[in-house]
Every structure is written in structure tokens, then in C-alpha cells.
J.: 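The structure's right below; bear with me while I get my questions together.
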Amino acid sequence: MGVAAGPIRVVVAKPGLDGHDRGAKVIARALRDAGMEVIYTGLHQTPEQIVATAIQEDADAIGLSILSGAHNTLFSAVIELLKERDAADIKVFGGGIIPEEDIPELKSKGVAAIFTPGATTTAIVDWVKANVRQPAASGG
């Protein structure tokens, strides 16, 4: 698949029953202000809804925000559904209240990056710019 034209497209989603969305909205705004197209799904999204939105919107990445403690289950479900829908090229990154000891397992399952409390919006924007939709290296 070739490199898509236009701005990076990111779905920002709040999976599960977590009702706190201030952080997700701050990230969505920071990504938008950095020139990306952002699709914010709102609260209480199922992994199926998130993946369907990402595919429908031709997203380059999915940013998941979770504070409820269900990150292992919900992040893994999104990754598996992307694989099932032949959309594993959509990068998944996440943030929220995620214990340091859970991060290696999430990354081993395919989560590209985890941002914990205290991560700056600049760090997140810079990571997305550097890691999402990279052009193929020329010459080999």
C-alpha cells in the first residue's frame, strides 16, 4: 500500500465505561492544532465501534484513552479486531492511567506507544508525526 496523501488521520476514542474524557479532548485538540484530521468518537465506545470508525474514516492511527483499569482487555480487543478486519496497518497508541508494569505486555500485543499521566501534548504530537504513516525508504 502506498503512502496516503493529505494530513494524518487519527481516531481518538474512549473505550469501555470510562466517563472521563477531558484528556482525550485535549489530545484531540492538540493533534488537530498540529494539522492532523481528528475523528473523536465520544464516550463509551466498544472496540468494535472504534475499529469500524477507523476503517470507515480511513484512519492512519487510533488513539485510545482509558482511566478505568480495563486497558489490557480493551486495547487487546482493538488490536485483534484490526487484525481480523485486515486493518493491522492502523497504528494504535494509548494513554491514561496505565501502570508501568502493564506497558511491556501492551506493546507486545501491538500497541505502538503508551503515554502515561504527565506526558505532554507536544510529546504525543511529535510521536504521531514521527511514527504514523511513514514513507517507504527509497533505494532499497
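What you see below is based on every heavy atom in this structure, not just the backbone, and it leaves out hydrogens, waters and symmetry mates. All residue numbers in this chain count up from 1 along the given sequence.
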J.: For residues 114-124, which residue pairs qualify under side-chain hydrogen bond (donor to acceptor under 3.5 Å, both in side chains), counting only residues two or more places apart or in two chains?
T.: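 Output for this query is empty, none listed.
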J.: Which pair of non-hydrogen atoms, one from A24 and one from Y40, has the smallest distance, and what is that distance?
T.: CB-CE1, 3.9 Å
J.: By the rule that ILVMFWY residues connect when side-chain heavy atoms come within less than 4.5 angstrom, directly or transitively, which residues belong alongside V26?
T.: none
J.: Does a side-chain heavy-atom distance below 4.5 Å link M36 with V125?
T.: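 They are in contact (side-chain heavy atoms under 4.5 Å apart), so the answer is yes.
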J.: Return the orientation label for the F93 and W127 ring planes: parallel under 30°, perpendicular over 60°, tilted otherwise.
T.: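 Ring orientation of F93 relative to W127: tilted.
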J.: Check A54 against I90 and note the closest heavy-atom contact, atom names and distance.
T.: CB-CD1, 4.1 Å
J.: Quick one: do R9 and D60 satisfy salt bridge (Lys or Arg N to Asp or Glu O under 4.0 Å)? Show the steps, please.
T.: CA-CA 5 Å; R9 295 177 59 82; D60 299 299; over 6 Å; no
J.: Does the E105 side chain pair with the main chain of I103, one donor and one acceptor, at a distance under 3.5 Å?
T.: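 No, the answer is negative, given that no donor and acceptor are paired below the 3.5 Å cut-off.
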J.: Which heavy atom of S65 sits nearest to which heavy atom of P15, and what is that distance?
T.: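 Between these two residues, the closest heavy atoms are O-CD, 3.4 Å.
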J.: Return the set of residues passing side-chain hydrogen bond (donor to acceptor under 3.5 Å, both in side chains) with D18 (not counting sequence neighbours), or none when no residue passes.
T.: K14
J.: Can you name the closest pair of heavy atoms from A119 and I124 and give their distance?
T.: CB-CD1, 4.4 Å
J.: State which residues pass side chain to side chain contact (heavy atoms under 4.5 Å, CB included) with I79; sequence neighbours excluded, sorted by chain then number.
T.: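 Only K83, V92, V111 meet the side chain to side chain contact (heavy atoms under 4.5 Å, CB included) criterion with I79.
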J.: State whether the number of non-hydrogen atoms from other residues, nucleotides or ligands found under 6.0 Å of H20 atom NE2 is greater than 12.
T.: no
J.: Test of understanding: with side chain to side chain contact (heavy atoms under 4.5 Å, CB included), list the residues that count as partners of P99, not counting sequence neighbours.
T.: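 Side chain to side chain contact (heavy atoms under 4.5 Å, CB included) list for P99, sorted by chain: H71, E101, D102.
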J.: What residues form a side-chain hydrogen bond (donor to acceptor under 3.5 Å, both in side chains) with K109, not counting sequence neighbours?
T.: S76
J.: Considering the options L64, V78, T73, which one meets the side chain to side chain contact (heavy atoms under 4.5 Å, CB included) requirement together with P47?
T.: V78
